[in-house]
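No experiment lies behind these values; they were computed from the predicted model shown. Order of the sequence lines fixes the chain letters, A, B, ..., with proteins taken first and strands second; residue numbering starts at 1 for each chain.
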Amino acid sequence: MLNYFNGYFSNDLAIDLGTANTLIWARGQGIVLNEPSVVAIRQEGGPNGKKVIQQVGLAAKQMLGRTPGNITAIRPMKDGVIADFTVTEQMLKQFIRRVHKSSIFTPSPRIVICVPCGSTQVERRAIRESAFGAGARRVELIEEPMAAAIGADLPVEDATGSMVVDIGGGTTEVGVISLGGAVYSGSVRVGGDKFDEAIINYIRRNYGMLIGETTAEQIKKEIGSAFPGSEVREMEVNGRNLAEGVPRSFTISSNEILEALTDPLNSIVSAVKTALEQTPPELGADIASKGMVLTGGGALLRDIDRLLMEETGLPVVIADDPLTCVVRGSGKALERMDKFSSIFASD
Amino acid sequence: MDKNSNSDNAAVESAVETLPPLSVGKILREARISQGLNVADVASSIKFSPRQVEALEADDYSHLPELAFVRGFVRSYARLLHIDETPLLDFLPRAHQQLTSVHDELAGVPFSTSQSTRRINVTWLSAALALAVFLGIAVWLSQDKPEVIKAGESPLAVAPAELAASAVAVVASPSLVVSGVPAAVATLKDVMVKKEVTAPKENVTPKEVVAAKGEGQGAIRLVFEDESWVDVKDKFGKTIFKQVNPPKSEQWISGHPPFSLVIGNASSVRLYYEGEEIDLDEFTDVEVARLILE
């Protein structure tokens, strides 16, 4: 009864709880929140002092790698799943509170939350529990490839194969969808974070310089590419010289970044090829004529569509607004939650 | 699917018709020609078939996949030609919601599996069981009723079971049937009402039968040709006459029928009940006659 009453004052939410960014979509409002999945926690005075949340989201992200001893900036999600349960719960609670303006009643929304298709039962349970802990009164899970396909406006309910490749922060999800269900779904724990990591490692190995995650992400966004193009771009980067121990600046080119990204990109290509091998021939024919759709932040990496096109020989298209595809798809699923229950994942 | 894609394409076509004369296909085609590329070059670069490239340039959307793919196709093509993709994409309508209502209608129809059939059987079984329980209660209640009346102060009681063959049983049984059968088919609630309705009826029915015979007072006449011992009990089991009668005598007995009579030396006794002679031979066993008079 109380739940029903609270529900009257709560919006239903669809959440893309991603490794890099958390997006929230509210029924009837669209995307209401797009923040990095980062929490800054401050330890209050003394060794037995309690921990309090300093910042969540963008403000916390800016603290990453720049915190004093008593503040830790944490990314509670890793590889698409929860790495720190308590912090994730607190982060979700803060985000939900942020999208609910009313302060009279504690928000108690129904939540659709997406999970990587390769996540284990324990990881799914953790995500469900953290959403309940953050105040949800009902939680439905949806697999990311399905949400991405719905968000990219693919004909998921038709008897035609649609292939979607969602390159997120922590995972890359490959799904072949037909008649409202996933015919094949695969997940590799390679995504934007692995790209950053590869760039950091490359620079340390070849330049003897240490750069932070934020810098690596900037490099990836500015000059990163997945396929050798005619245009070579350069960027000046600041880092700490490992030999001298002092900050130095150096210039790095897009071709070098391409070389750095070879390994994680190969993992993605092989995941896509595996999916194509496992796809029944009729659906394979559909995919050959229509192509596959790229979604997620990884789709914004320059020429990643070219890479997949050349590797598979199939048309590859990038969805409209790839960063928000998953949350938009979850939102559409949320709107039809009662009628469209078959697309939700079980534990 | 065909229907869906056709409707998509129709939407695209109608949108394109309302646009300025310069279409997406034309822009792409002109840009391609100006850069000295042919269709095959484009097809090999973006991996769409030459047929699809030609269809796009001719704005023939019936030979192209769904809108989401067409938008991606246009984006790839524009990038290949190094032209701005945004105005081209603005020309194309955004893909509408794919989760159409047609699917909704079908989505709710349950598929009959062996399991669901079993579930239906279980439903029917439980309904039948519930009905049986109600009937059982109804019958039990209706059978219970005469006992209640018997224990009460009603002047007319139902005959004991051992007297079923007698007239009393015959009279009482229609009342049982009257109250029992309708109550059995009715629900429990109806039974409770029925009980009240049928109870007075039950009291009335035998009374009427008896009243026709002797206005509530049975008249027995006994004519003794030889010495005989007689014991008469009325409906309450109360002995109303018990004595040894001398030969050549006569006795009149009245009371509340039915009467239970035990007559010794029956062969020398004549019994008249309400003016009619009753042959005692039928009831006689070793000179003693036992009978019940209604």
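With values rounded to the nearest 0.5 angstrom, A:Asp320 atom CG is found 10.0 Å from B:Leu67 atom CG. Between the NZ atom of B:Lys47 and the CZ atom of A:Arg306 there is a distance of 8.5 Å, given to the nearest 0.5 Å.
Within a 6.0 Å sphere centred on CZ of A:Arg233, heavy atoms belonging to other residues, nucleotides or ligands number more than 12. Counting non-hydrogen atoms of other residues, nucleotides and ligands closer than 6.0 Å to CD of A:Glu282 gives a total of 12 or fewer. No more than 12 heavy atoms of other residues, nucleotides or ligands lie within 6.0 Å of CZ in A:Arg302, so this atom counts as exposed by the packing criterion.
Sorted by first and then second residue, the ring pair (Phe, Tyr, Trp, His ring centres under 6.0 Å) pairs with a member in residues 40-60 of chain B read B:Phe48-B:Phe73; sequence neighbours excluded.
Between B:Pro65 and A:Lys290, the shortest heavy-atom contact is CB-CG, 3.3 Å. Among all heavy-atom pairs drawn from A:Pro155 and B:Phe69, the shortest one is CD-CE1, 4.0 Å.
Between B:Ser76 and A:Met309 there is a side-chain heavy-atom pair separated by less than 4.5 Å.
Under the 3.5 Å distance criterion, the side-chain polar atoms of B:Gln52 are matched with a main-chain donor or acceptor of A:Ser289.
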*Show your reasoning for whether salt bridge (Lys or Arg N to Asp or Glu O under 4.0 Å) applies to B:Arg79 and A:Asp305.*
CA-CA 11 Å; B:Arg79 263 188 221 166; A:Asp305 52 337; 3.7 Å; yes

*Check step by step if salt bridge (Lys or Arg N to Asp or Glu O under 4.0 Å) holds for A:Asp153 and B:Arg71.*
CA-CA 11 Å; A:Asp153 285 320; B:Arg71 292 179 70 84; over 6 Å; no

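Along residues 81-88 of chain B, no residue comes nearer than 4.5 angstrom to chain A, judged on non-hydrogen atoms. Proximity to chain A among residues 34-46 of chain B is limited to B:Ser45, B:Ile46, judged by heavy-atom separations below 4.5 angstrom.
With sequence neighbours left out, A:Ser267 forms a side chain to side chain contact (heavy atoms under 4.5 Å, CB included) with A:Val190.
Only the backbone of A:Leu314 comes within less than 4.5 Å of a heavy atom in chain B; its side chain stays farther off.
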